[in-house]
Engineer: 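Pasting a structure below so you can have a look.
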Amino acid sequence: MTDPESPYAAIYAVVQRIPPGRVCTYGRVAALAGLPGQARLVGYALHALLRQSVVPWWRVINRSGRISNVYAADEQRARLLAEGVDVDETYLIDLDRFLWAGDDVE
DNA sequence: TGTGTGACAAGCC
DNA sequence: AGGCTTGCCACAC
């Protein structure tokens, strides 16, 4: 996040738009950020946010509705539970209830 | 400068 | 339905 023109800025902006108690998938965030199919970039960008709590990176999960984060999966699950998101012991999340389509706020 | 890898997604078998 | 393969971009060595 060195240049505002960098795709990372768009990713961060989208993640910040995710309402509390709601989660979003990498692909969804990527699409909203203007990077269709480039979900890997989202994961890579969020990887650098682990130190910065200015962005709710914990609200971003994979397409399977699970936390693939091997670096802070425990912390992410705790944060989601604090947000009101029901996270299973196997890091499974109900996308049908907590998935944010992005149409809540424009 | 070039090769390999990564918090993924979609397609195919 | 579930598992395997390919594509994509940016960054580390």
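Chain identifiers are assigned alphabetically (A, B, ...) following the order of the sequence lines, protein sequences preceding nucleic acid strands; residue numbering begins at 1 within each chain.
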Engineer: Kindly compute the distance separating CD (A/Gln76) from CD1 (A/Ile67), expressed to the nearest 0.5 Å.
Structural biologist: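 Reported value, rounded in 0.5 Å steps: 4.0 Å.
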Engineer: Rounding to a whole Å, what distance do you find between A/Arg66:CZ and B/dA9:P?
Structural biologist: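 That distance rounds to 13 Å.
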Engineer: Run the side-chain contact (heavy atoms from CB on, under 4.5 Å) test on A/Ile61 and A/Leu95 for me, step by step, so that the C-alpha distance in whole Å, both residues' side-chain angles and the decisive distance to 0.1 Å come before the verdict.
Structural biologist: CA-CA 10 Å; A/Ile61 58 180; A/Leu95 294 179; 3.5 Å; yes
Engineer: Are A/Leu81 and A/Trp57 connected into the same hydrophobic cluster when the rule is that any two of I, L, V, M, F, W, Y join if their side-chain heavy atoms are below 4.5 Å apart?
Structural biologist: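 In one cluster with A/Trp57: A/Leu81, yes.
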Engineer: Of the non-hydrogen atoms in A/Pro56 and A/Val54, which two are nearest, and what is the gap between them?
Structural biologist: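 For A/Pro56 and A/Val54, the tightest heavy-atom pair comes out as CD-O, 4.1 Å.
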Engineer: Given atom CH2 of A/Trp57 and atom P of B/dC8, what is their separation to the nearest angstrom?
Structural biologist: 14 Å
Engineer: All N/O contacts under 3.5 Å from nucleotides 1-7 of chain C to the protein, with atom names and distances to one decimal?
Structural biologist:
residue, atom, partner, partner atom, Å
C/dG7, O6, A/Arg40, NH1, 3.2

Engineer: Donor-acceptor pair, distance only, cut-off 3.5 Å: does the side chain of A/Asp88 make one with the backbone of A/Thr90?
Structural biologist: yes
Engineer: Taking A/Glu83 for its side chain and A/Pro20 for its backbone only, find out whether a donor-acceptor pair lies under 3.5 Å.
Structural biologist: no
Engineer: Taking salt bridge (charged side-chain N to carboxylate O under 4.0 Å, His left out) as the definition, give me every residue that meets it alongside A/Asp86, ordered by chain and number, with sequence neighbours left out.
Structural biologist: A/Arg97
Engineer: Round to the nearest Å and state the distance from A/Tyr91 atom OH to B/dC8 atom P.
Structural biologist: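 So the two atoms are 15 Å apart, to the nearest Å.
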Engineer: Please work out if A/Leu50 contacts a base, only the sugar-phosphate, or nothing of the nucleic acid, heavy-atom cut-off 4.0 Å.
Structural biologist: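 Base: the residue A/Leu50, judged by heavy atoms under 4.0 Å, touches a nucleobase.
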Engineer: Please list, pair by pair, any protein nitrogen or oxygen found under 3.5 Å from a nitrogen or oxygen in nucleotides 11-13 of chain B.
Structural biologist:
none

Engineer: Mind checking the CG-CD spacing from A/Leu50 to A/Glu75? Nearest 0.5 Å is all I need.
Structural biologist: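 CD of A/Glu75 is found 7.5 Å from CG of A/Leu50.
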Engineer: Do side-chain atoms of A/Arg59 reach the backbone of A/Ile18 as a donor and acceptor pair under 3.5 angstrom?
Structural biologist: yes
Engineer: Round to the nearest Å and state the distance from A/Leu80 atom CG to B/dA7 atom P.
Structural biologist: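 To the nearest whole Å, that distance equals 18 Å.
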Engineer: Could A/Arg77 and A/Tyr91 be counted as a cation-pi pair, given that NZ or CZ must be under 6.0 Å from the ring centre and within 45° of the axis?
Structural biologist: yes
Engineer: Considering just the side-chain nitrogens and oxygens of A/Tyr71, establish if one lies under 4.0 Å of OP1 or OP2 belonging to B/dA7.
Structural biologist: yes
Engineer: Between B/dA10, C/dC9, B/dC8, which one does the side chain of A/Arg63 approach most closely?
Structural biologist: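 Output: B/dA10.
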Engineer: Verify the cluster assignment for A/Tyr71 and A/Leu80: are they in a single hydrophobic cluster under the rule of side-chain heavy atoms below 4.5 Å apart?
Structural biologist: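 Linked within one cluster.
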Engineer: May I have the distance from A/Tyr26 (atom OH) to B/dC8 (atom C1'), rounded to whole angstrom?
Structural biologist: 8 Å
Engineer: List, with names and distances, any nitrogen or oxygen atoms from the protein found under 3.5 Å away from nitrogen or oxygen atoms belonging to nucleotides 11-13 of chain C.
Structural biologist:
residue, atom, partner, partner atom, Å
C/dC11, O4', A/Tyr44, OH, 3.4

Engineer: Taking Watson-Crick (N1-N3 plus N6-O4 or O6-N4) and G-U wobble (N1-O2, O6-N3), each under 3.5 Å, can you produce the dot-bracket string of DNA chain B? Use [ ] for crossing pairs and | for inter-strand ones.
Structural biologist: .|||||.||||||
Engineer: In whole Å, I'd like the distance from the CD1 atom of A/Ile11 to the P atom of B/dA7.
Structural biologist: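 Taking CD1 of A/Ile11 and P of B/dA7, I get 15 Å after rounding.
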Engineer: Under 6.0 Å from the ring centre and within 45 degrees of the ring axis: does the NZ or CZ of A/Arg79 meet both conditions for the six-membered ring of A/Trp58?
Structural biologist: yes
Engineer: Whole angstrom is fine here: how far is it from CG in A/Leu49 over to C1' in C/dA10?
Structural biologist: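 It works out to 14 Å between those atoms.
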Engineer: Please state how far atom CG in A/Leu41 lies from atom C1' in B/dA9, giving the value in whole angstrom units.
Structural biologist: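 Going from CG in A/Leu41 over to C1' in B/dA9 covers 12 Å.
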Engineer: Only distances under 3.5 Å count here; give the side-chain donor-acceptor pairs of residues 23-46 of chain A to other protein atoms, sequence neighbours excluded, each with its distance to 0.1 Å.
Structural biologist:
residue, atom, partner, partner atom, Å
A/Thr25, OG1, A/Arg28, N, 3.3

